[in-house]
Amino acid sequence: MKKILALVAASLLSLSSFAENTFHVGAFFPVTILDIDGESVVAETTGAAFDFTHVADCGFTFKAGAGCGFGLSDIEDTKGDNLTWFDLDFSAGFGGSFIHDEKMTLSLLGDIGLRIQGGGEESYDDRTGLNCVDYIPVMFYFGPEVSFTYRFIPHVGLFANLGVFYAIGSTSVELKTAGETVSDDLGTSGFIVQPKLGVAFTL
């Protein structure tokens with residue numbers, strides 16, 4: 001039994017020696033196109049994103065990552081300006097790497113994730129006083145993502161990703177006035193197109 005366990009351990013170690021573990025750190029530029037209870041909302045944000053990606057010797061690939069960004073939506077506030085928008089992203093992906101060598105890695109993943117976005121505004125009315133409106137879409141999403149990494153030296157390179165996702169969830173809309181608070185949850189669905197660019201550090 002000890003010999004069998006030793007052989008299994010040696011086999012696992014030999015496989016792990018060919019595995020690739022990479023940290024991607026950079027920027028993402030998601031464009032979100034939503035239908036919120038029949039109303040179209042488009043938001044464009046820019047922010048920082050990172051992920052950890054593991055590529056096994058056989059090509060099986062998985063990743064986990066997160067991102068945070070800020071930008072604008074096409075919702076107009078009371079002054080006619082576009083509403084400031086935030087974007088939080090948490091995701092995981094599974095798939096395969098078709099090219100996997102010392103110079104480059106090309107992967108196709110199926111991603112799933114949680115997206116929290118939103119914005120708010122304040123306005124003053126002579127009758128009601130200070131009014132606050134908040135929009136908070138919370139969505140689950142899934143879809144394909146292509147990832148390409150090119151290493152200039154063995155452990156450092158650049159990467160570029162592109163994902164196209166379908167999102168579904170709900171948007172919490174809350175109106176606060178001096179006298180009362182009114183809130184509602186609205187059905188939300190749409191698409192997210194998400195490019196990423198940055199630096200790759202391979203262990």
Side-chain angles (χ1 to χ4, degrees), residues 19-34 36 41-55 61-75 77 81-95 97 99-100 103-121 134-172 188-203:
E20 173 190 320
N21 298 297
T22 300
F23 287 95
H24 297 121
V25 180
F28 74 152
F29 314 92
V31 177
T32 306
I33 305 167
L34 298 178
I36 301 178
V41 174
V42 178
E44 298 181 10
T45 55
T46 301
F50 73 92
D51 70 62
F52 170 76
T53 300
H54 172 81
V55 182
T61 304
F62 72 84
K63 71 150 196 173
C68 177
F70 293 90
L72 296 173
S73 74
D74 63 356
I75 299 174
D77 60 20
D81 298 325
N82 292 99
L83 204 64
T84 301
W85 206 253
F86 72 85
D87 189 349
L88 295 176
D89 174 43
F90 305 94
S91 67
F94 301 88
S97 294
I99 300 175
H100 174 215
K103 275 292 185 183
M104 65 183 70
T105 303
L106 176 63
S107 307
L108 176 62
L109 303 172
D111 286 7
I112 56 174
L114 172 66
R115 205 91 188 197
I116 304 172
Q117 300 184 341
E121 65 168 312
D134 293 317
Y135 306 86
I136 309 293
V138 178
M139 303 166 289
F140 292 99
Y141 69 85
F142 57 91
E145 182 178 31
V146 176
S147 175
F148 178 72
T149 300
Y150 185 85
R151 286 171 282 275
F152 299 102
I153 58 177
H155 299 289
V156 181
L158 298 176
F159 79 93
N161 291 13
L162 178 62
V164 180
F165 311 119
Y166 177 74
I168 187 167
S170 66
T171 297
S172 173
T188 301
S189 62
F191 293 91
I192 302 168
V193 180
Q194 181 170 277
K196 292 182 184 178
L197 297 169
V199 181
F201 301 95
T202 300
L203 304 181

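Given the structure is predicted, the values throughout are model-derived calculations rather than measurements.
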Going from [atom1] on [X] to [atom2] on [Y], what distance comes out if it is rounded to the nearest 0.5 angstrom?
X: F29; Y: K196; atom1: CZ; atom2: NZ; answer: 11.5 Å
X: F159; Y: T22; atom1: CZ; atom2: OG1; answer: 10.5 Å
X: L197; Y: H24; atom1: CG; atom2: NE2; answer: 11.5 Å
X: C68; Y: F50; atom1: SG; atom2: CZ; answer: 11.0 Å
X: D134; Y: L83; atom1: CG; atom2: CG; answer: 9.0 Å
X: L108; Y: F148; atom1: CG; atom2: CZ; answer: 14.5 Å

Atom of [X], atom of [Y] and distance for their closest heavy-atom approach:
X: F90; Y: Y141; result: O-OH, 4.1 Å
X: T202; Y: P154; result: CB-O, 4.3 Å
X: G190; Y: Y166; result: O-CD1, 3.3 Å
X: S147; Y: N161; result: OG-OD1, 2.8 Å
X: S97; Y: S107; result: OG-OG, 2.6 Å

For residues [X] and [Y], determine if any side-chain heavy atom of one lies less than 4.5 Å from a side-chain heavy atom of the other.
X: L72; Y: T84; value: yes
X: T61; Y: T105; value: no
X: L34; Y: I192; value: no
X: H100; Y: E20; value: yes
X: T46; Y: F70; value: no
X: V41; Y: D74; value: yes
X: S91; Y: K63; value: yes

Note to self: Among residues at least two apart in sequence or on other chains, which ones pass side chain to side chain contact (heavy atoms under 4.5 Å, CB included) with F52?
What the structure shows: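 Checked F52 against side chain to side chain contact (heavy atoms under 4.5 Å, CB included); matches are N21, F23, H54.
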
Next item on the list: Using side chain to side chain donor-acceptor pair (under 3.5 Å) as the criterion, list what pairs up with Q117, not counting sequence neighbours.
Entry: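 Counting only residues at least two positions away or on another chain, Q117 forms a side chain to side chain donor-acceptor pair (under 3.5 Å) with T32, W85, D87.
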
Item checked: Within 6.0 angstrom of F140 CZ, more than 12 heavy atoms from elsewhere ->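 Open: at most 12 neighbouring heavy atoms sit under 6.0 Å from CZ of F140.
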
Item checked: F142/F165 aromatic ring centres below 6.0 Å ->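 Ring centroids of F142 and F165 are no less than 6.0 Å from each other.
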
Notebook entry, point to check: What do you reckon, are the aromatic ring centroids of Y150 and F152 less than 6.0 Å apart?
Noted result: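 Yes, they do, as the ring centres are separated by less than 6.0 Å.
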
Checklist line | Among V164, V31, L162, D89, the one residue meeting side chain to side chain contact (heavy atoms under 4.5 Å, CB included) with Q194 | finding: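 The residue from V164, V31, L162, D89 that satisfies side chain to side chain contact (heavy atoms under 4.5 Å, CB included) with Q194 turns out to be D89.
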
Item checked: V199 vs L158, side chain to side chain contact (heavy atoms under 4.5 Å, CB included): CA-CA, chis, key distance, verdict -> CA-CA 4 Å; V199 181; L158 298 176; 4.3 Å; yes

